[in-house]
**Q** 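Dumping the structure here so I can ask a few things about it.
Hydrogens, waters and symmetry mates are skipped; everything else that's a heavy atom, side chains included, is used. Predicted model, so just to flag it, every value in this text is computed and none were measured.
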Amino acid sequence: MFRTIKNPNNVLIHVVVWTLFTAFKVLIQPLFFPAYDDYFGNIFENLALILVFYLNAHFVIERFGKRKLIPVLIVLTIVLFWLYLGLMFTAQKFISPLIYGEPATLPPFRFFFWAGVYNFIPFLGLSYGYSYFLRTVRHQRHINQLLIQQQAEREEKMQLAKERLFFEHSFLQAQINPHFLFNVLSFLYSRTLPFSAEVSGAIMKLAEIMRYALENHPDPEGKVLLVREINHVKNVIDINQLRFNNKLN
């Protein structure tokens with residue numbers, strides 16, 4: 001129920017904020033009411049309202065804040081209000097005389113009731129805003145976790161794809177012995193060189209193309225130098241130009 005404030009840092013923040021709020025409210029009262037001296041009553045009232053704040057945010061709204069449970073939400077809100085009034089009545093009737101050493105002077109019930117409404121509603125609104133903020137944070141955390149999970153899955157798929165390409169390449173190398181192929185092409189090159197420079201040149205370019213395609217790349221990501229890639233493309237273009245009598249554009 002209170003999972004959002006279990007973190008010690010969060011608890012400290014809540015304690016500091018409410019302490020500053022209570023101190024400000026207590027200290028500012030004499031500025032408007034010079035005869036005011038019920039500091040205990042003010043502090044107790046704030047504690048009661050803070051209790052209402054957390055009960056409403058972490059229990060009432062958390063469990064019954066759905067549209068189909070609105071009637072239950074309304075009933076529990078009324079219960080919270082009367083709980084707050086009961087706490088204030090107990091403090092003024094029984095606890096205040098023990099502290100100040102004189103009988104309690106209770107205001108008329110109508111004044112007591114509407115003063116409770118006046119103090120209760122702002123804290124009720126704050127608790128709704130606080131609950132909405134917590135839901136937004138949890139939703140954003142859930143989205144971030146999904147994004148991290150998707151990124152991990154993408155990286156895993158990329159790694160599997162690299163491994164698949166590596167094994168396919170290795171399988172191709174196992175089927176074609178590069179040394180045998182290069183030796184045969186070198187033999188053909190040497191035999192055709194005296195008769196046709198064009199044919200022997202084509203054989204040498206084919207040997208370079210096959211060497212590029214079949215040799216192992218030292219880079220773990222399969223990258224090669226740009227100059228080697230350009231030479232490979234030139235060899236492929238030259239071979240195709242020979243096939244089509246240098247008419248390719």
Side-chain angles (χ1 to χ4, degrees), residues 1-17 53-54 56-70 73 125-185 202 204-244 248-249:
M1 173 172 135
F2 293 98
R3 60 176 179 260
T4 54
I5 56 175
K6 283 183 178 180
N7 190 308
N9 293 331
N10 292 340
V11 172
L12 180 61
I13 292 174
H14 284 248
V15 171
V16 170
V17 169
F53 175 90
Y54 285 114
N56 188 62
H58 291 287
F59 178 75
V60 176
I61 301 175
E62 189 74 22
R63 297 192 177 185
F64 306 99
K66 300 177 182 178
R67 181 173 299 179
K68 60 182 181 180
L69 298 176
I70 287 180
L73 181 70
L126 285 175
S127 67
Y128 272 92
Y130 172 72
S131 178
Y132 176 77
F133 171 76
L134 292 182
R135 289 188 180 185
T136 303
V137 170
R138 286 198 296 267
H139 180 68
Q140 186 61 44
R141 286 178 179 173
H142 180 66
I143 292 177
N144 292 339
Q145 290 176 354
L146 290 178
L147 292 176
I148 293 174
Q149 183 178 356
Q150 291 176 357
Q151 179 64 24
E153 291 176 353
R154 283 196 295 266
E155 292 178 356
E156 183 178 0
K157 289 181 180 179
M158 291 177 61
Q159 183 63 29
L160 291 175
K162 289 180 181 179
E163 293 178 358
R164 180 176 60 83
L165 290 175
F166 173 77
F167 287 121
E168 289 178 354
H169 185 75
S170 300
F171 178 73
L172 179 62
Q173 283 185 314
Q175 287 183 314
I176 303 175
N177 190 317
H179 294 290
F180 171 77
L181 179 62
F182 298 148
N183 290 336
V184 172
L185 290 175
M204 182 57 65
K205 290 182 183 296
L206 178 60
E208 292 177 357
I209 291 172
M210 298 304 297
R211 184 186 299 276
Y212 179 87
L214 295 176
E215 70 180 359
N216 287 319
H217 299 293
D219 191 285
E221 297 184 2
K223 296 179 181 179
V224 297
L225 293 175
L226 182 60
V227 63
R228 295 192 59 204
E229 183 75 11
I230 293 175
N231 290 333
H232 175 66
V233 173
K234 287 182 178 178
N235 289 333
V236 173
I237 293 174
D238 291 342
I239 286 289
N240 283 280
Q241 286 287 13
L242 291 174
R243 291 178 56 207
F244 295 98
L248 292 179
N249 183 6

**Q** Which residues satisfy the side chain to side chain donor-acceptor pair (under 3.5 Å) test with Gln140, sequence neighbours excluded?
**A**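 Per chain and number, Gln140 pairs via side chain to side chain donor-acceptor pair (under 3.5 Å) with Asn144.
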**Q** Considering non-hydrogen atoms only, spot the tightest contact between Ala202 and Leu242 and give its length.
**A**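 The pair with the smallest heavy-atom distance is CB-CD1, 3.3 Å.
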**Q** Once rounded to the nearest 0.5 Å, what's the spacing between atom CG of Asn231 and atom CG of Leu226?
**A**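 Nearest 0.5 Å value for the CG-CG distance: 9.5 Å.
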**Q** Quick one: side chain to side chain donor-acceptor pair (under 3.5 Å) partners of Arg243, sequence neighbours excluded?
**A**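 For Arg243, the residues satisfying side chain to side chain donor-acceptor pair (under 3.5 Å) (neighbours in sequence not counted) are Asn240.
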**Q** Kindly write out the residues that satisfy side-chain contact (heavy atoms from CB on, under 4.5 Å) with Ile148, not counting sequence neighbours, or none if the list is empty.
**A**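 Partners of Ile148 under the side-chain contact (heavy atoms from CB on, under 4.5 Å) test: none.
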**Q** Using side chain to side chain contact (heavy atoms under 4.5 Å, CB included), reason through Gln150 and Leu147 one step at a time and then give a plain yes or no.
**A** CA-CA 5 Å; Gln150 291 176 357; Leu147 292 176; 4.0 Å; yes
**Q** Which atoms form the tightest heavy-atom contact between Leu73 and Phe64, and what is the distance?
**A**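 Shortest heavy-atom contact: CB-O, 3.6 Å.
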**Q** Residues in side-chain contact (heavy atoms from CB on, under 4.5 Å) with Val17, at least two apart?
**A**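 Partners of Val17 under the side-chain contact (heavy atoms from CB on, under 4.5 Å) test: Ile13.
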**Q** Quick check: do Val11 and Val15 have side-chain heavy atoms less than 4.5 Å from each other?
**A**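 With C-beta onward as the side chain, the pair touches.
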**Q** So which pairs with a foot in residues 152-167 pass salt bridge (Lys or Arg N to Asp or Glu O under 4.0 Å), sequence neighbours left out?
**A**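 Checked against salt bridge (Lys or Arg N to Asp or Glu O under 4.0 Å) - neighbours excluded - the pairs reaching residues 152-167 are Arg164-Glu168.
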**Q** When you measure from the side chain of Thr136 to the backbone N and O of Tyr132, does any donor-acceptor pair fall under 3.5 Å?
**A**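 Here the side-chain-to-backbone pair exists.
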**Q** Heavy atoms only: give me the nearest Ile239-Ile209 pair and the separation to one decimal.
**A**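 It is CG1-CD1, 3.8 Å.
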**Q** Given side chain to side chain contact (heavy atoms under 4.5 Å, CB included), test Met204 with Glu208 step by step and report yes or no.
**A** CA-CA 6 Å; Met204 182 57 65; Glu208 292 177 357; 4.1 Å; yes
**Q** Mind checking side chain to side chain donor-acceptor pair (under 3.5 Å) for Gln241 and listing every partner two or more places apart, or none if nothing turns up?
**A**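 With neighbours one apart ignored, the set is empty.
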**Q** Please find the pair of heavy atoms, one from Arg135 and one from Ile61, that lie closest to each other, and give the distance.
**A**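 Smallest heavy-atom distance, with atoms named: NH2-O, 3.0 Å.
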**Q** Tell me the closest heavy-atom pair linking Ser131 and Ala57, and the distance in Å.
**A**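 The pair with the smallest heavy-atom distance is OG-O, 3.9 Å.
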**Q** How are the rings of Tyr54 and His14 set relative to one another: parallel (under 30°), tilted (30 to 60°) or perpendicular (over 60°)?
**A**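 Geometry flag for His14 against Tyr54: tilted rings.
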**Q** Is any side-chain heavy atom of Tyr212 closer than 4.5 Å to a side-chain heavy atom of Val224?
**A**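 Result yes, sub-4.5 Å side-chain heavy-atom pair found.
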**Q** Dump the intermediate steps for ring pair (Phe, Tyr, Trp, His ring centres under 6.0 Å) on His58 and Tyr130, then the final yes or no.
**A** CA-CA 10 Å; His58 291 287; Tyr130 172 72; 5.5 Å; yes
